[in-house]
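In what follows, every chain begins at residue 1, and chains take the letters A, B, ... in the order their sequences are listed.
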Amino acid sequence: MNYYFNEIEAKWQKYWFDNQIFKADNQNGKPKFYVLDMFPYPSGAGLHVGHPLGYIASDIYARYMRHKGYNVLHPMGYDSFGLPAEQYAIQTGQHPAKTTEENIKTYRRQLDQIGFSFDWSREVRTSNPDYYKWTQWIFIQLFESYYCNDAQQARPISELEEVFRAEGNYRINAAADENIEIFTAEEWKNYSEKEKQEILAKYRLTYLSETEVNWCPALGTVLANDEIVNGVSERGGHPVVRKKMKQWSMRITAYAQRLLDGLDKIDWPQPLKDSQINWIGRSEGAMVSFKIIDHNEKIEVFTTRPDTIFGVSFMTLAPEHDLVSRITTDKYKDAVEKYKDATSKRSERDRMADVKTISGQFTGAYVEHPFTGKKVPIWIGDYVLASYGTGAVMAVPCGDQRDYDFAKHFNIEIPNIFQDIDISEHACEDKTAVIANSDFISGMPAKKAIKRIIYELEQKGIGKGKVNYRLRDAVFSRQRYWGEPFPVYYKDGMPQMIDVQFLPLRLPEVEKYLPTEDGKPPLGNAHDWAWDSIENKVVSNEKIDNKTTFQLELNTMPGWAGSSWYFNRYMDAENSNEFAGKKALNYWKDVDLYIGGSEHATGHLLYSRFWQKFLFDRGLLPVDEYAKKLINQGMILGTSAFVYRWEYENGEESDKAKKTIFVSKTKMEKIIKERETIENSKRGVIGEHVDLVNVSKNTSGNKWSHFTPIHADVSFVNASNELDIEAFKNWRPEYKDAEFVLEDGKYIVGREVEKMSKSKYNVVNPDDICEDYGADTLRMYEMFLGPLEQAKPWNTAGISGVHGFLKKMWKLYHSGENGIFYVSEEESTKEELKTLHKTIKKVDEDIADFSFNTSVSSFMIAVNELTSLKCNKRKILEPLAILISPYAPHIAEELWNKMGNDGSISKVEFPVLDLKHLVESTKTYPISFNGKLRFTMELSLDLSKDEIEAAVLAHEKTKQHLAGRTPKKIIVVPGKIVNIVG
RNA sequence: GCCUUGAUGGCGGAAUUGGUAGACGCGCUGGAUUCAAAAUCCAGUUCUGGCAACAGAGUGUGGGUUCGAUUCCCACUCAAGGUACCA
């Protein structure tokens, strides 16, 4: 009987579904284990072979842990809010919900086909109202909280109000906006309700603020930095301006230190931790304020090198800095305005990309140096970013290269404050340099000088030690339709929360998904979007006749909102009273293994840690880090195929110019080479490289033709790079009559490894693989391809090896001429047991360190060995099927079932390793030296007398090297001796 | 520039704490089976020389530590990913 994988796979997938085999209980005597995948965005293109890599790995782990006696939670869902569905809706008018629904169906079919053991009863979709209700609810919890720096945790905002009532805010140490005025209890009582709300807003963990954004008037939307190219929008090429808009922000900066500290507690890949550390960007230094001469104001700066303060020769403010307009003297007004204008036109990214050009402008104002009393000029310059630190720096040209370049450019003095260091060429950024010419810190090394200067600053009340973070608060508003609506309406200009737990606020229907004519976000198009408030007033998007209406918030939440807590929802996905029930949360607690791509390092993986910590602080979750271990699976790359179009340009070949001609790869290379030779000899040049592929018409009087590489769909190309010419011709009408210049009767394409993408026609679909080889082959092959964490090109060349292995394995359980199923009840031999236990050991170890690729190899070895031993014994083949079942579950189920077992193999215990079967072949040799028995050695091979003598010699020699100590072990191999030193 | 990771046959990739480098698979070569093909099975396959036994070289480059280095240390080259006037 042959291995009909299609029948087997369909049969068992149905069995798993019908019997709910992978449904996890929220209560169970077994220990829990939570295996999580990053849920996908259901795009219109469906899954390609790159997507399932991580899912296969986690599925193997989940199945393995079930065999090991754990209660495994292995859920899946969809991150179904997102931009592509909205773009599609704008183009076609199709409702995003509908497109999303269709895409999800495709995804589900494809996922099922691969045989994953997901518990689909817990599926979540971020765009589902039953789900986003809780995303909105979490938003409200953030709004109702502030961050107490003393307690290092988030607390209810009501507590803060109580303190304000009792004693004002002078003792409050909270993460909040800068420039909060100190007030007393008395003053608090006298504030109006609105004033009180405005003050509280400065403490809330989510707050409205004027944020500078990249606004594209033509598209009516805010663009991310990477959506802008050369100052115009990537899409459409419309101008973009920097504009202040009122937007919701998340006070993630309050958690900067805890997000940093938390990394020590979790087992995540070091590169990923590094990029989070980098992103948070902690730096220690000091705040220093400089008094502006003839003004009542001060410039606050942050510096990591307060010890270089005696080297300050100017100050630089970001052009956007508040102080600029107030301190600029009349003489410089025009020049400063002009400079500000010029920089505001450049996006932040442009400014950062263009680091070579030095520009700046003197303001005419000066500060007083706090220690020397010297007059220090104030400049503005776009190398200072408004968004970092205080938007101002004390410039120390001798100690900072940027300040140095600026000073050189504008002829500002460069005082040297380092002992024996030459600064005539460049600044000295070395922290080991000794400070000089600096009054009371002269002669000190940097570390000591920093301590001393901070002490002095604090004594004088003009500065203090400070830790600064690069991390910024996260903007949380999007001018989009397809996202979670904010549960917010406005009353007297102040935001009010809508209690969605009792009064759900759903995404309304709109006719158009574009912004409104007057520039409001797409939700402004909603007509009958209204909600009755408890105050008996109508909250609505638009004015309703004769009623007082309050405006609803029209922005939606960003993509990361829904994905920042979904892993907790899986624990209790159907709960309609809570975001997740206490009991379920306490049982599952956290994710034991999380698998996903590293591209989310500073997005999803940072925001979700932030929300987790917040919810933990408020007593809503039992742990403050949600994923104990994380693995980044590497990307599977595509291998693009190229055909080479020959294009004529000169007169005599103009007839052919109308024809499309494709030249086979080697022929094309040959033609180019020949030309190169001709060209070079013509010009008398030898050995000079001339690129003739694209140029050539300029290099001589003769106009050469050239070749243009064109992506061909990889499905037209076989494993030996041969193009299916007919299929290619039918692909596009313009290729219908194309001619092909062949080599050996074939058209050979060029190959290149690139990211898998629709536009590169290099996408390989898992459906085709499942069709041709089966899901088990796909699963094993993807694992066999190489280490999980490494990026690798998709290449089907080796798939026949894995498929052949499964066929071979199938044959082990079938015997006789017609291949009838048969296993014998005989006792197993030593050799057979050795093979089995070797494999158990290897698979156990491999899964423990995620080396799935090598366990596929060990299965192959096992099956080869058992085949040559002609082993068909149940005692060996039953455990073998269990071993393989995490990798190839369908074939394992089928064989398990054929061997007369009831129920799913996934419920069976993993075979137990017995080491005694592995050491049986070692032998103890008595070793004598110079005729005297000295010791015995355990050796794993049969050795000749000569070899034993050689081993003894080697042993003695080693002993001499070790000055008498005995070596731990000697490995003796016929012909060679190797000692292992103890 | 900085941070991180990596570099091993024709190819994908193995190699426990430093101890027979190249497991396993692909490809290739030869053979069996077949009228023939597919499928399957067996043998060989790092490179150089040799019919062979065998000899020499060999894990990006150059040094070092060690009885012994793919593995540890130093310097460099290249590649991939992240990040960037962060004061």
Just to verify, what does A:Y404 make a side chain to side chain donor-acceptor pair (under 3.5 Å) with, not counting sequence neighbours?
A:K408
5'-to-3' dot-bracket of RNA chain B (Watson-Crick, G-U; under 3.5 angstrom; crossing pairs as [ ]; | other strand)
(((((((..(((......[....)))((((((.......))))))((((....))))..(((((..]....))))))))))))....
Please name all residues satisfying salt bridge (Lys or Arg N to Asp or Glu O under 4.0 Å) with [X], sequence neighbours left out, ordered by chain then number.
{"X": "A:E425", "answer": "none"}
{"X": "A:D405", "answer": "none"}
{"X": "A:E845", "answer": "A:K841"}
{"X": "A:E300", "answer": "none"}

Just to be sure I understand the rule, does A:N468 reach a base, reach only the sugar-phosphate, or reach nothing, if contact means heavy atoms closer than 4.0 Å?
nothing
Would you please say whether a donor-acceptor pair under 3.5 Å links the side chains of A:E865 and A:T835?
yes
Look for any protein N or O under 3.5 Å of an N or O in nucleotides 10-12 of chain B and output each such pair with its distance, or none.
from	atom 1	to	atom 2	distance (Å)
B:rG12	O2'	A:L785	O	2.8

Could you work out, with side chain to side chain contact (heavy atoms under 4.5 Å, CB included) as the rule, every residue matching A:Q270, not counting sequence neighbours?
A:K273, A:D274
Can you list the residues that meet the side chain to side chain contact (heavy atoms under 4.5 Å, CB included) rule with A:D267, with sequence neighbours excluded?
A:K629
Which of these nucleotides, B:rA84, B:rA87, B:rU5, is closest to any side-chain atom of A:P271?
B:rU5
Please state whether the phosphate of B:rU4, meaning OP1 or OP2, lies under 4.0 angstrom from any side-chain nitrogen or oxygen of A:N278.
no
